[in-house]
Amino acid sequence: MAAALTGFLASYPNIFYYFHECCRAEWIALNATGLQADLENQLFGQHIASRIIVRAVTGFMKNPNPKKPLVLSLHGWTGTGKNFVSQLIVENIYKEGMDSSFVHVFTSELHFPHAREIENYKSQLQHWIRGNVTNCAHSMFIFDEMDKMHPGLIDSIKPFVDYYDKLDGVSYRKAIFIFLSNAGGESITHTTLDFWKTGKDREELELKDVEMSLSLSVFNNKNSGLWHTSLIDKNLVDFFVPFLPLEYRHVVQCAMAEMVARGLPPDAVLANKVASELTYFPKTDRIFSVKGCKTIESKLDYYI
């Protein structure tokens, strides 16, 4: 009886960890195959972003001793897939997905609404990151609406994303920081449109064609949230990930995928009908969707 009780008590922590989310491999582990498959099957028109995300996240998660946290800055017009990709990353790392207690999402208008409170926000943000990384080294922090963030606020996290072994006894090197922003969308669209005008296939676009102009436009844009930030100046952003404007064919793919997600048979006629009702630019050529795939769900609700 005593031996059985001793055995139970010895196994109790593992039983507890099985049912309750904790900072262990049972709950936090990269499904690299799943991430690649999700990006290939659910993200449309973003060959550059897909390639970067898979390589960056996989390489970082497989490294047992990274030199710094992974910092990704996702840029592009609304509806091109930035939020969706951040969710796919989360779902393929954390067993609890977006409900994980180790995933923290900040939106500018909700968490940092008042410019006069910026110093308080800096202190609160540092405290939040410090406390959560102390609790779990593999924490993730997602900053949405970076283009609405007050200039200078994001610099408060610089110590946490720099090349430090430890700060006050805490290592931040296994954390992941993801920035989402519409800033830079104009630069990305301009480059993509130039490719189209020269008759080149958009799949020929490479990161090197976009990255420099993107980082410069973000750094020099007062409304980017990264204006003159030391994160860029000190090369602490590992990848600027461009999300290209979506064409008509990509919107059709989004509509078909949404039908499948709802358990409906994909209907190409309906998908084309939905896609044709969206607004495209430039007005003369109507190449790119103004809102990407953002309104597809509500459009389908109307017809289904």
Side-chain angles (χ1 to χ4, degrees), residues 12-43 49-50 52-66 68-74 81-112 121 124-146 149 154 156-157 159-161 166-167 170-181 237-239 241 243 261 297:
Y12 178 76
N14 289 327
I15 295 173
F16 175 78
Y17 294 143
Y18 183 82
F19 291 104
H20 185 271
E21 186 188 28
C22 57
C23 191
R24 288 164 55 115
E26 295 95 325
W27 294 90
I28 305 175
L30 174 66
N31 179 359
T33 303
L35 177 60
Q36 183 161 1
D38 285 346
L39 290 170
E40 289 176 355
N41 299 323
Q42 300 181 52
L43 182 68
S50 293
I52 296 172
I53 295 298
V54 168
R55 292 179 180 177
V57 175
T58 301
F60 179 78
M61 292 297 292
K62 285 185 175 180
N63 186 349
N65 188 33
K68 65 179 288 296
L70 177 63
V71 182
L72 302 174
S73 196
L74 281 50
K82 302 183 299 295
N83 283 86
F84 182 59
V85 164
S86 66
Q87 291 173 20
L88 291 182
I89 295 172
V90 169
E91 290 168 1
N92 283 285
I93 294 179
Y94 300 89
K95 189 175 180 179
E96 293 290 284
M98 294 300 294
D99 293 326
S100 172
S101 58
F102 307 123
V103 176
H104 313 279
V105 181
F106 302 93
T107 59
S108 298
E109 293 186 333
L110 177 62
H111 296 98
F112 318 112
Y121 295 151
Q124 291 168 4
L125 186 55
Q126 289 180 336
H127 179 76
W128 183 260
I129 293 173
R130 186 182 300 111
N132 281 285
V133 175
T134 300
N135 182 44
C136 181
H138 290 284
S139 293
M140 183 183 293
F141 303 91
I142 301 172
F143 294 84
D144 197 3
E145 302 177 338
M146 280 292 294
M149 187 173 288
I154 203 63
S156 65
I157 76 167
F160 306 125
V161 300
K166 289 183 178 181
L167 289 173
V170 180
S171 173
Y172 297 86
R173 293 180 299 165
K174 294 182 178 180
I176 297 177
F177 293 80
I178 301 177
F179 305 139
L180 311 178
S181 178
V237 177
D238 297 296
F239 295 96
V241 186
F243 281 71
E297 289 187 27

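Residue numbers run from 1 in the order of the sequence given. Small disclaimer: the values here were computed from a predicted structure and weren't measured.
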| query | Do Ile154 and Phe143 pass the side chain to side chain contact (heavy atoms under 4.5 Å, CB included) test, and can you show the C-alpha distance, the side-chain angles, and the key distance before you say yes or no? | reply | CA-CA 9 Å; Ile154 203 63; Phe143 294 84; 4.1 Å; yes
| remark: Note: Phe60 and Arg173 closest approach over all heavy atoms is CZ-O, 3.3 Å
| said: Strictly distance-based, threshold 3.5 Å: is any side-chain N or O of Ser100 a donor or acceptor partner for the main-chain N or O of Tyr94? | reply: no
| Least distance between heavy atoms, Val103 atom then Gly97 atom | CG2-O, 4.0 Å
| request: Kindly give the heavy-atom pair with the smallest separation between Ile28 and Cys136, and that separation in Å. | output: CD1-SG, 3.7 Å
| field | Heavy-atom side-chain proximity of Leu125 to Phe106 below 4.5 angstrom | value | yes
| CG of Leu30 to CG of Leu35: how many Å apart, nearest 0.5 Å? | 6.5 Å
| message | Can you confirm whether Met140 sits close enough to Ile89 that some side-chain heavy atom of one is under 4.5 Å from a side-chain heavy atom of the other? | response | yes
| Residue pair Ile176 / Met61, side-chain heavy-atom distance below 4.5 Å | yes
| task | Work out which heavy atom in Ala175 is nearest to a heavy atom in Val133; give both atom names and the distance. | result | CB-CG2, 4.4 Å
| request: Could you grab the distance from atom CG of Asp144 to atom OG of Ser86, nearest 0.5 Å is fine? | output: 7.5 Å
| request: Determine, step by step, whether Val90 and Ile142 satisfy the side chain to side chain contact (heavy atoms under 4.5 Å, CB included) criterion, reporting the C-alpha distance in whole Å, the side-chain angles of both residues, the deciding distance to 0.1 Å, and the verdict. | output: CA-CA 10 Å; Val90 169; Ile142 301 172; 3.9 Å; yes
| field | Pairwise side-chain contact, Arg130 with Tyr172, heavy-atom cut-off 4.5 Å (strictly under) | value | yes
| task | Enter the distance from Leu88:CG to Ser50:OG here, rounded to the nearest 0.5 Å. | result | 9.0 Å
| Has the side chain of Asn63 got a donor or acceptor atom that lies under 3.5 Å from a matching backbone atom of Gly59? | no
| field | Residues forming a side-chain contact (heavy atoms from CB on, under 4.5 Å) with Asn135, sequence neighbours excluded | value | Phe102
| Do Glu91 and Gln87 get their side chains close enough for a donor-acceptor pair, meaning under 3.5 Å? | no
| query | Once you round to the nearest 0.5 Å, how far does CD of Glu21 lie from CD of Glu26? | reply | 11.5 Å
| request: Report yes if some heavy atom in the side chain of Leu72 is under 4.5 Å from a heavy atom in the side chain of Val57; otherwise report no. | output: yes
| field | Test: Lys68 and Asp238 ion pair at under 4.0 Å | value | yes
| request: Under the ring-ring contact (aromatic ring centres under 6.0 Å, His included) rule, collect the residues that match up with Tyr121, sequence neighbours excluded. | output: Phe112
| request: For atom CD of Gln126, decide whether the heavy atoms of other residues, nucleotides or ligands shown that lie under 6.0 angstrom number more than 12. | output: yes
| Do you know which two heavy atoms are closest between Pro159 and Ser156, and how far apart they sit? | CD-O, 3.6 Å
| remark: d(Met146 CE, Thr107 OG1) to nearest 0.5 Å is 12.5 Å
| Residue pair Asn92, Gln36: steps toward the side chain to side chain contact (heavy atoms under 4.5 Å, CB included) verdict | CA-CA 10 Å; Asn92 283 285; Gln36 183 161 1; over 6 Å; no
| query | Sequence neighbours excluded, which residues qualify as side-chain contact (heavy atoms from CB on, under 4.5 Å) partners of Asn132? | reply | His104, Trp128, Ser139, Phe141
| task | Could you tell me the separation between the CZ atom of Phe160 and the CG atom of Leu167, rounded to the nearest 0.5 Å? | result | 7.0 Å
| said: Could you check whether any side-chain heavy atom of Phe177 comes within less than 4.5 Å of a side-chain heavy atom of Ile129, counting everything from C-beta outward? | reply: yes
| request: Would you name the heavy atoms of Lys82 and Leu180 that are closest together and state the gap between them? | output: O-CD2, 3.9 Å
